[in-house]
Amino acid sequence: MPQMVRLYWLRENGCDAGTPLGADELDPAIRERVKELARQDDGETVVRLPFLDRRQWRRRAEILHSIHLVREGDSVRCRLDAAEETRDRAATLALTDAAWKHAPDERDPRCFPVWQRVSVALQKALRSWIPGMYFTSAWRYEDRDAAYPMVVYEVCRPCFGRPRTEFTYDIADPETLPSAYSMIGRALQTVLARIEKQLYAAGNPTLAHRYNPVWYQDILGTVRKRPKRLVELLADEAMLINALIDLGTERNVGAVNRCSKLANAALRNVYGVDMRILGVRALEEATRVLTEEQTSSTVGFRKTAT
């Protein structure tokens, strides 16, 4: 009995969404590797391949030959790096996911409120994820010139945008930093208390003292005097969020490629740390908000209809 697979493969010129195939019908560039991996299962094996646009389709043999296939449960999939994973996920969501396909475009009156909510959710998430990744190693708190702006970034006031097209802070706007600093004193003290406790637990009381909440005004003043690093963080954040919003309002292959390029540029080197794995997490967070918006709209429509 021939080996059977179920193929999932999104392409600009077509889509296999669970197409049943004999393993011998797969592209020659991956056929033998898939058959070897699928041999571990007597039943049907799911095969998932990465998104290819039309330009890549002309080089599909070369691309498929170079991908690293792995077995995960009952699936055979390609192992992508963080940049490739972001692009593949962006394509899958923008071109096939219901929440993204029904998201408002620029002409829709719902555009600003929906994407404003996505933007605020992403700002809050990134201001947790980025400091969390950077301070994985406690020794990074020793460089206070770098650490203080990152700590302040964690508690910056979100940008709520300006109707109809601005969803993030404009770094060229002189009001950006005053808005970001506005009313963050209590939140900054809370974060400093957590850091102080962490450093005491790590056996570094001298450094812990530098992060005592009593110094919050001095720390904020230091960042205000030298805001360059905070500005860079806010600029990278804006680049990523705006790329995701453009992806959601345009929903085409060009937007997928632009989103991937900008997201990876924003996250490639954050304070010397490669944070490109956050690209997929940002897409998933945006999907969560869009799904909630779609559910809320559906419920509201049903209530109005009844």
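None of the values given here were measured: they were computed from a predicted structure.
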### Task
In plain terms, say whether Asp24 and Lys35 are close enough for a salt bridge, that is, a side-chain N and a carboxylate O under 4.0 Å apart.
yes
### Check: Phe167 ring centre within less than 6.0 Å of Phe112 ring centre
yes
### Message
Under a 3.5 Å cutoff, is there a donor and acceptor pairing between the side chains of Asn13 and Arg54?
### Response
no
### More than 12 heavy atoms from other groups under 6.0 Å of CZ on Arg162
no
### Task
If a pair satisfies ring pair (Phe, Tyr, Trp, His ring centres under 6.0 Å) and one of its residues is in residues 250-295, list it, with sequence neighbours excluded.
Tyr134-Tyr271
### Query
Which residues pass the salt bridge (Lys or Arg N to Asp or Glu O under 4.0 Å) test with Arg194, sequence neighbours left out?
Glu154
### Query
Counting only heavy atoms not in Glu106, do more than 12 sit closer than 6.0 Å to its CD atom?
no
## Note on the structure
Interatomic distance, CD1@Ile63 vs CD1@Ile30, rounded to 0.5 Å, equals 12.5 Å
### Task
Tell me whether the guanidinium CZ or amine NZ of Arg11 lies under 6.0 angstrom from the six-membered ring centre of Trp9 and within 45° of its axis.
yes
### Message
Could you check whether any side-chain heavy atom of Leu230 comes within less than 4.5 Å of a side-chain heavy atom of Cys156, counting everything from C-beta outward?
### Response
yes
### Query
Does the distance from a Lys or Arg side-chain N to an Asp or Glu carboxylate O, for Arg229 and Glu232, drop under 4.0 Å?
no
### Message
Determine whether the aromatic ring centres of residues Tyr148 and Tyr211 are separated by less than 6.0 angstrom.
### Response
yes
### Message
Does Arg157 qualify as a cation-pi partner of Tyr181, given the criterion of NZ or CZ under 6.0 Å from the six-membered ring centre and within 45 degrees of its axis?
### Response
no
#### Entry: Cationic N near anionic O, under 4.0 Å, Glu62 to Arg59
yes
### Task
Please check if atom CZ in Arg77 has more than 12 non-hydrogen atoms from other residues, nucleotides or ligands closer than 6.0 Å.
yes
### Presence of salt bridge, Glu250 and Arg258, under 4.0 angstrom
yes
### Query
Is the number of heavy atoms from other residues, nucleotides or ligands within 6.0 Å of CH2 (Trp215) greater than 12?
no
